[in-house]
Amino acid sequence: MGLNLKELVVREKTTLESFSSKVIAIDAYNAIYQFLASIRGPDGLQLSDSEGRITSHLSGLLYRNINFLSLGIKPVYVFDGKPPSLKTAEIERRKQIKKDATIKYEKAIAEGNLEDARKFAQQTTSMKDGMVKESKQILSYFGIPYIDAASEGEATAAHLTNTGQAYASASQDFDSILCGAKRLIRNFTNSGRRKIPNRNTYVEIEPEIIETQKTLDSLEITREQIVDIGILIGTDFNPNGFDRIGPKTALKMIKQYSRLEDIPQIQEQLQTIEYEKIRKIFLEPIVTDVDEIVFGKVDYEGMTNYLVKERSFSEDRIQSSLNRLRKALEKKSHNLDQWFS
DNA sequence: CAGCCTTA
DNA sequence: TAAGGCTGG
């Protein structure tokens, strides 16, 4: 989560439209988590159905995928499998953050501070049992394929960009770069303003693309070296990174000494982490091979039944959203007919 | 987050 | 009609 390569990578602004007809491997956990965190009311409560079950992830997946398909983008979602054992500490750290946030949330609610309540509620976000299955169900109604990765979803998503089965991977996390993704798309959404918590300001969010080779060329380093830089800054497998080393210092050290083992001032701390194993997670990731990625047809009726009858979505809204999709897809097939006639 | 309604 | 605010479930 917190791998701050933002300042080092070459990021280029782009648009959703530019990915029309391209297969994009989406880090499913990353996307769903973001929906769960942000699709909330002013008090921080998530959307839920008549039985009190959370529906924020379903709402997010519905509208975003309607946009993808309407633009002719071919998303494939990659779900996480078993995390590497080295991630245990990071998983515990995140649990603790959620615990702390829960207390802060309750305090903010008691004090009637909605802005804070919402912010802390977002920090308590967690993936509950059943959400993955429900998300896959929505994707199935769309005819959108998904893959169950053996280990980290990002790793398999990155792999697909190298087999040529996907044009790019999409995630907010820079780990994809370390995993060897050819291209990474961040903010893979409609562009728009996003509010900064507790401030009356907005930032414009636009999709951006990072071409890994371009970044390596501009930094004049290798893939192995950017992994070492990641380890210096801190990855999920050594969350704290190294003392007083940020992106700039990390780059400088690697350019001067080439690799972790040869940086004199870090040797003592280097012995406290399993850096060779961490390198291996990124350089030889456990990935899942896929024969063929098959896109199906949209099951409008199934989708409507599920969302309206079982998950309390408004029939009018679903109808008009799906009509929008149907029209966009019809237009595309018309264009295709013209091409072949 | 994303759609839709209000506003000027 | 473009930006800002409100609401969805």
Side-chain angles (χ1 to χ4, degrees), chain A residues 1 14-17 19 24 26-71 73 75 77 114-115 117-128 130-135 137-139 141-142 144 170-173 185-208 298 300 302-329:
Chain A
M1 198 173 77
T14 181
T15 61
L16 267 198
E17 290 77 13
F19 301 105
I24 308 297
I26 298 174
D27 180 352
Y29 181 89
N30 189 265
I32 293 167
Y33 188 89
Q34 226 125 44
F35 293 139
L36 291 169
S38 56
I39 303 181
R40 293 167 179 266
D43 53 357
L45 281 182
Q46 287 154 311
L47 306 187
S48 58
D49 63 20
S50 59
E51 293 176 37
R53 297 171 301 178
I54 293 164
T55 54
S56 296
H57 54 312
L58 306 180
S59 178
L61 284 169
L62 172 74
Y63 293 113
R64 186 172 291 180
N65 285 307
I66 285 176
N67 287 332
F68 287 161
L69 297 187
S70 297
L71 291 170
I73 294 167
Y77 283 77
L114 287 191
E115 194 100 13
R118 194 177 196 281
K119 182 178 77 185
F120 293 128
Q122 285 183 296
Q123 294 174 13
T124 69
T125 303
S126 69
M127 191 89 93
K128 297 289 199 318
M131 287 179 173
V132 166
K133 202 175 160 197
E134 294 165 352
S135 299
Q137 196 171 340
I138 295 288
L139 296 176
Y141 289 131
F142 273 115
I144 293 173
S171 175
Q172 291 306 97
D173 293 349
I185 311 169
R186 299 183 70 243
N187 305 331
F188 193 46
T189 71
N190 277 331
S191 43
R193 291 158 301 285
R194 220 175 273 177
K195 199 178 69 211
I196 307 289
N198 279 333
R199 302 199 45 166
N200 223 1
T201 51
Y202 288 79
V203 264
E204 182 69 21
I205 298 296
E206 289 173 278
E208 61 186 29
V298 183
Y300 295 96
M303 178 109 69
T304 307
N305 274 333
Y306 176 62
L307 290 176
V308 175
K309 299 223 176 87
E310 294 187 46
R311 309 310 301 263
S312 313
F313 280 66
S314 139
E315 179 154 25
D316 284 355
R317 280 175 181 247
I318 298 299
Q319 220 70 273
S320 72
S321 299
L322 290 182
N323 278 338
R324 201 158 50 79
L325 173 61
R326 200 184 272 120
K327 272 188 190 156
L329 293 179

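The figures here come from the full heavy-atom set of this structure, side chains too, leaving out hydrogens, waters and symmetry mates. Labels below follow one simple rule: chain letters A, B, ... track the order of the sequence lines, proteins then strands, and each chain is numbered from 1.
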Notebook entry, point to check: side-chain contact (heavy atoms from CB on, under 4.5 Å) between A:Ile144 and A:Leu69: does it pass, once the steps are laid out?
Noted result: CA-CA 9 Å; A:Ile144 293 173; A:Leu69 297 187; 4.3 Å; yes

Next item on the list: Give the intermediate values and the outcome of side-chain contact (heavy atoms from CB on, under 4.5 Å) for residues A:Tyr29 and A:Val132.
Entry: CA-CA 8 Å; A:Tyr29 181 89; A:Val132 166; over 6 Å; no

Item checked: A:Leu61 and A:Tyr77: CA distance, side-chain angles, deciding distance, side-chain contact (heavy atoms from CB on, under 4.5 Å) verdict -> CA-CA 11 Å; A:Leu61 284 169; A:Tyr77 283 77; 4.0 Å; yes

Next item on the list: Decide side-chain contact (heavy atoms from CB on, under 4.5 Å) for A:Met303 and A:Leu62; before the verdict, give the C-alpha distance in whole Å, the side-chain angles of both, and the deciding distance to 0.1 Å.
Entry: CA-CA 9 Å; A:Met303 178 109 69; A:Leu62 172 74; 4.1 Å; yes

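Of all the heavy atoms in A:Ala170 and A:Ile24, the pair that sits closest is CB-CG2, 3.8 Å. For A:Ser38 against A:Gln122, the heavy-atom pair with the smallest separation is CA-NE2, 3.6 Å. Taking every heavy atom of both residues into account, A:Thr125 and A:Ala37 meet most closely at OG1-CA, 3.3 Å.
Within residues 41-50 of chain A, the residues having any heavy atom under 4.0 Å from DNA chain C are, by residue number, A:Gln46, A:Leu47, A:Ser48. Near-neighbour residues of DNA chain B inside residues 316-324 of chain A, defined by a heavy atom below 4.0 Å, number-ordered: A:Ser320, A:Arg324. Proximity of residues 53-70 of chain A to DNA chain B (heavy atom under 4.0 angstrom from any strand atom) is restricted to A:Tyr63, A:Arg64, A:Asn67.
Identified under the salt bridge (Lys or Arg N to Asp or Glu O under 4.0 Å) test for residues 306-326 of chain A, with sequence neighbours left out: A:Asp49-A:Arg311, A:Glu134-A:Arg311.
With contacts defined as side-chain heavy-atom distances shorter than 4.5 Å, the pair A:Asn190/A:Ile205 does not qualify. At least one side-chain heavy atom of A:Tyr306 sits less than 4.5 Å from a side-chain heavy atom of A:Ile138. Annotation: side chain of A:Tyr141 is not in contact with side chain of A:Leu307 (no heavy-atom distance under 4.5 Å).
Atom CG in A:Leu114 sits about 12 Å away from atom P in C:dC6, given to the nearest Å. Counting to the nearest Å, the C1' atom of C:dT7 and the CZ atom of A:Arg118 are 11 Å from each other.
In this structure, the side chain of A:Arg118 does not engage the main chain of A:Asp43 through any donor-acceptor pair within 3.5 Å. Using modelled atom types, one side-chain atom of A:Gln172 and one backbone atom of A:Asn187 make a donor-acceptor pair closer than 3.5 Å. In this structure, the side chain of A:Ser56 does not engage the main chain of A:Gln46 through any donor-acceptor pair within 3.5 Å.
Contact footprint of chain A on DNA chain B: nucleotides with an atom under 4.0 Å from a non-hydrogen protein atom, first to last in 5' to 3' order, B:dC1 to B:dC4.
Every stem involving DNA chain B, taken as at least 3 paired positions in a row under the Watson-Crick or G-U wobble test at 3.5 Å, is listed here: B:1-8 with C:1-8.
Two rings, from A:Phe188 and A:Phe19, have their centers less than 6.0 Å apart.
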